Amino acid sequence: MAEKSFKYVILGGGVAAGYAAREFAKQGVHPGIELILSTEIVKADLPANTLVSATGETFKYQILIIATGSTVIKLTDFGVQGADAKNIFYLREIDDADKLVEAIKAKKNGKAVIVGGGYIGLELGAALKINNLDVSMVYPEPWCMPRLFTSGIAAFYEGYYANKGIKIIKGTVAVGFTSNSNGEVKEVQLKDGRVLEADIVVVGVGGRPLTTLFKGQVEEEKGGIKTDAFFKTSVPTVYAVGDVATFPLKLYNELRRVEHVDHARKSAEQAVKAIKGLEKGQSVDEYDYLPYFYSRSFDLAWQFYGDSVGDTVLFGDNNPQSPKPKFGSYWIKDGKVVGAFLEGGSAEENQAIAKVAKLQPKAENLDALTKEGLAFACKI
Ligand SMILES: Cc1cc2nc3c(=O)[nH]c(=O)nc-3n(C[C@H](O)[C@H](O)[C@H](O)COP(=O)(O)OP(=O)(O)OC[C@H]3O[C@@H](n4cnc5c(N)ncnc54)[C@H](O)[C@@H]3O)c2cc1C
């Protein structure tokens with residue numbers, strides 16, 4: 001079987017892989033970048049610096065950058081009855097999106113059930129409603145996006161969605177699906193006994209980092225591949241970037257894994273700078289990342305920077321009926337503001353909350369902070 005040898009191999013074709021390739025090009029490596037498509041790696045032998053593809057091709061490398069990202073968690077993984085019916089969708093690959101668009105066209109004015117109240121659930125719920133489907137959302141938690149949103153933040157979005165005609169069913173989960181004679185989903189059974197009609201179901205219940213190829217060959221931590229501040233793993237010739245990396249988050253002195261594009265881009269750039277720096281004997285600064293998440297749905301847009309720990313305050317106009325709602329939250333730990341969220345902010349205001357999360361100014365009086373609201377961030 002064919003064998004190819006490379007100085008560097010980037011495994012993956014997603015966000016982090018693309019930014020790693022771009023950084024190599026910036027560093028002058030571009031004349032030699034080869035793009036190998038439609039090739040799945042099925043075996044990795046890190047001690048032998050070798051990858052093997054599904055067709056048996058062998059790839060040798062001096063340095064490997066793992067950028068395999070995440071795979072979607074499916075209800076069939078848990079054996080949910082009927083979860084393999086047609087028109088039950090997940091969203092990870094372009095192909096998934098294309099199939100969903102086809103179903104939206106085929107099921108005009110039909111009923112859609114969204115399973116999950118995270119990013120995918122909220123963004124897809126809005127997209128399906130805009131496309132005139134009758135949308136219900138189901139999730140087990142007491143409010144949407146519970147890992148980030150406080151109850152106050154969530155109350156705004158749930159109110160806004162309800163005003164748009166989206167039905168929100170909380171505190172229960174989908175436990176089964178029935179389908180028609182074509183195998184298309186028709187009903188969603190909930191754990192609390194309710195049954196929802198459905199022509200389309202979209203499931204957004206999270207992802208899982210793709211690390212299986214490397215199990216037992218490299219140190220892992222918190223579900224990802226453990227790296228240092230330069231994204232080097234426990235195997236010195238192997239780096240891991242993007243969703244798969246568990247890295248030291250300097251600002252919080254803690255190992256974290258982050259599943260977002262901003263970190264995928266920056267971690268990839270950092271790894272390549274470190275690789276080239278080592279070759280040239282030049283030092284590179286440690287990765288110093290400020291967590292940054294964002295989302296858009298309907299005519300809403302929010303940004304969050306920093307850490308969502310400690311006490312919280314809610315400020316601004318968070319009435320879902322307002323013509324132009326604009327509100328935010330701060331997270332306060334040990335007397336310092338460590339996280340900031342803003343809905344409806346301008347570019348300058350979003351920069352201001354980012355600065356607050358980075359600089360962590362003191363805020364001892366929470367009532368005063370609530371009253372001051374966005375002005376607190378804008379004066380920093
Ligand atoms: C629907 C959706 C919406 C999202 N929206 C946002 C958003 O609004 N904002 C945000 O910050 N983040 C968002 N995310 C998260 C963001 O997309 C990921 O954090 C980011 O893509 C991670 O980049 P990555 O390069 O690590 O992985 P990916 O971009 O997932 O790339 C992984 C690549 O590795 C390849 N691969 C995996 N295994 C193998 C193998 N064995 N052999 C060969 N190739 C392999 C895959 O085919 C893919 O090309 C969203 C994710 C999804 C699914």
Side-chain angles (χ1 to χ4, degrees), residues 9-23 35-46 50-59 61 64-74 89-101 114 116 118-128 145 147-148 202-215 217 223-225 227 231 239-247 256-272 289-297 300-305 350:
V9 168
I10 304 168
L11 177 57
V15 178
Y19 272 72
R22 193 177 82 150
E23 188 59 33
L35 184 61
I36 303 168
L37 299 172
S38 307
T39 304
E40 187 193 356
I41 295 300
V42 293
K43 190 169 171 246
D45 183 347
L46 301 186
T50 303
L51 303 175
V52 181
S53 79
T55 54
E57 228 180 329
T58 299
F59 300 94
Y61 58 80
L64 171 67
I65 301 181
I66 302 171
T68 43
S70 303
T71 184
V72 73
I73 296 174
K74 297 197 166 175
F89 297 97
Y90 298 85
L91 203 59
R92 183 79 220 174
E93 313 286 339
I94 279 282
D95 196 36
D96 299 330
D98 290 344
K99 284 184 194 149
L100 179 58
V101 168
I114 309 275
Y119 274 101
I120 302 280
L122 286 169
E123 293 188 7
L124 260 298
L128 291 171
M145 293 275 290
R147 278 193 296 169
L148 176 64
V202 180
V203 184
V205 293
R208 179 181 305 127
L210 275 173
T211 58
T212 35
L213 284 173
F214 314 101
K215 283 265 177 270
Q217 302 189 59
I225 297 171
T227 75
F231 294 96
Y239 290 70
V241 295
D243 281 9
V244 291
T246 301
F247 62 97
R256 295 247 183 120
R257 206 171 58 73
V258 175
E259 286 180 11
H260 292 278
V261 286
D262 184 54
H263 161 69
R265 293 168 182 157
K266 288 177 177 156
S267 60
E269 288 169 352
Q270 171 77 352
V272 174
Y289 184 64
L290 175 68
Y292 162 49
F293 314 135
Y294 61 85
S295 183
R296 290 177 217 109
S297 60
L300 304 172
W302 60 259
Q303 297 202 1
F304 168 84
Y305 293 88
N350 286 326

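All values below come from the heavy atoms of this structure, side chains included, with hydrogens, waters and symmetry mates left out. Each ligand, and each atom within it, is numbered from 1 in the order the structure gives. Please read all numbers here as calculations on a predicted model, not as lab measurements.
- Counting heavy atoms from C-beta on, the side chains of Gln270 and Glu23 never come closer than 4.5 Å.
- Looking from atom 25 (O) of ligand 1 to the surrounding protein, the closest heavy atom is Ala16 N, 2.7 Å.
- Using a 4.0 Å cutoff on heavy atoms, Tyr294 counts as a contact of ligand 1.
- Residue-ligand proximity, Leu11 to ligand 1, at heavy-atom distances under 4.0 Å covers atoms 42 (N), 43 (C).
- Screening Leu11, Thr227, Thr68 for a side-chain contact (heavy atoms from CB on, under 4.5 Å) with Val244, the sole residue that qualifies is Thr68.
- Contacts with ligand 1 closer than 4.0 Å are made by no heavy atom of Val42, backbone or side chain.
- Closest heavy-atom approach to atom 13 (C) of ligand 1 within the set Thr68, Leu213, Val261, Thr211: this belongs to Val261.
- Between Tyr294 and Tyr292, the distance separating the two ring centers is shorter than 6.0 angstrom.
- Among protein heavy atoms, atom 30 (O) of ligand 1 sits closest to Arg92 NH2, 2.8 Å.
- Listed by number with element, the atoms of ligand 1 under 4.0 Å from a non-hydrogen atom of Leu210 are 37 (C), 38 (N).
- Among protein heavy atoms, atom 42 (N) of ligand 1 sits closest to Ile41 N, 2.9 Å.
- In Ala67, the part holding a heavy atom less than 4.0 Å from any atom of ligand 1 is the backbone.
- Below 3.5 Å of separation, one finds an N or O of Val15 facing an N or O of ligand 1.
- Scanning both residues, Val258 and His263, for their nearest heavy atoms gives O-CD2, 3.3 Å.
- For atom 31 (O) of ligand 1, the nearest protein heavy atom (residue, atom name, distance) is Gly14 CA, 3.3 Å.
- Within the 4.5 Å cutoff, side-chain heavy atoms of Asp243 are placed close to those of Ser70.
- For a threshold of 3.5 Å applied to N or O pairs, the pair formed by Glu123 and ligand 1 contains no separation below that value.
- The atoms of ligand 1 that sit less than 4.0 Å from any heavy atom of His260 are 10 (C), 11 (O), 12 (N), 19 (O).
- Counting only heavy atoms, the protein gets under 4.0 Å from atom 34 (O) of ligand 1.
- For the pair Glu259/Tyr119, no side-chain contact is recorded, criterion being any heavy-atom separation below 4.5 Å from C-beta on.
- In this structure, Thr39 has a heavy atom closer than 4.0 Å to ligand 1.
- Of the possible donor and acceptor atoms, one in the side chain of Ser267 sits under 3.5 Å from a partner among the backbone N and O of Gly242.
- Around atom 23 (O) of ligand 1, the closest heavy atom drawn from Ser38, Ala264, Ala44, Gly69 belongs to Ala264.
- Contact atoms of ligand 1 toward Gly12: 33 (C), 34 (O), 35 (C) (distance under 4.0 Å to a heavy atom of the residue).
- For Thr246, there are no side-chain hydrogen bond (donor to acceptor under 3.5 Å, both in side chains) partners, not counting sequence neighbours.
- Among all protein heavy atoms, the one lying closest to atom 22 (C) of ligand 1 is Asp243 OD1, 3.1 Å.
- The shortest distance between side-chain heavy atoms of Phe59 and Ile41 falls below 4.5 Å.
- Of the N or O atoms in Gly242, none lie within a sub-3.5 Å distance of an N or O in ligand 1.
- Residues satisfying the side chain to side chain contact (heavy atoms under 4.5 Å, CB included) criterion with Lys43, sequence neighbours excluded, are Val52.
- Distance screen at 4.0 Å: atom 50 (C) of ligand 1 has no protein heavy-atom neighbour inside the cut-off.
- Leu46 is listed as a side-chain neighbour of Leu64, based on a closest heavy-atom distance under 4.5 Å.
- Of all the atoms in ligand 1, the ones that sit under 4.0 Å from a non-hydrogen atom of Glu259 are 15 (C), 19 (O).
- Near Gly13, with a cut-off below 4.0 Å to any heavy atom, the atoms of ligand 1 are 33 (C), 34 (O), 35 (C), 48 (C), 49 (O).
- Between Glu40 and ligand 1, a contact under 3.5 Å exists for no N or O pair.
- Remark: Lys74 qualifies as a cation-pi partner of Tyr90 under the 6.0 Å distance and 45° angle criteria applied to the six-membered ring.
- The shortest side-chain heavy-atom distance between Arg265 and Val15 falls under the 4.5 Å cut-off.
- Distance remark: protein heavy atom not present below 4.0 angstrom from atom 5 (N) of ligand 1.
- Leu124 is listed as a side-chain neighbour of Leu100, based on a closest heavy-atom distance under 4.5 Å.
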Working for side-chain hydrogen bond (donor to acceptor under 3.5 Å, both in side chains), residues Asp262 and Tyr289
CA-CA 10 Å; Asp262 184 54; Tyr289 184 64; 2.8 Å; yes
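- Counting only heavy atoms, the protein never gets under 4.0 Å from atom 46 (C) of ligand 1.
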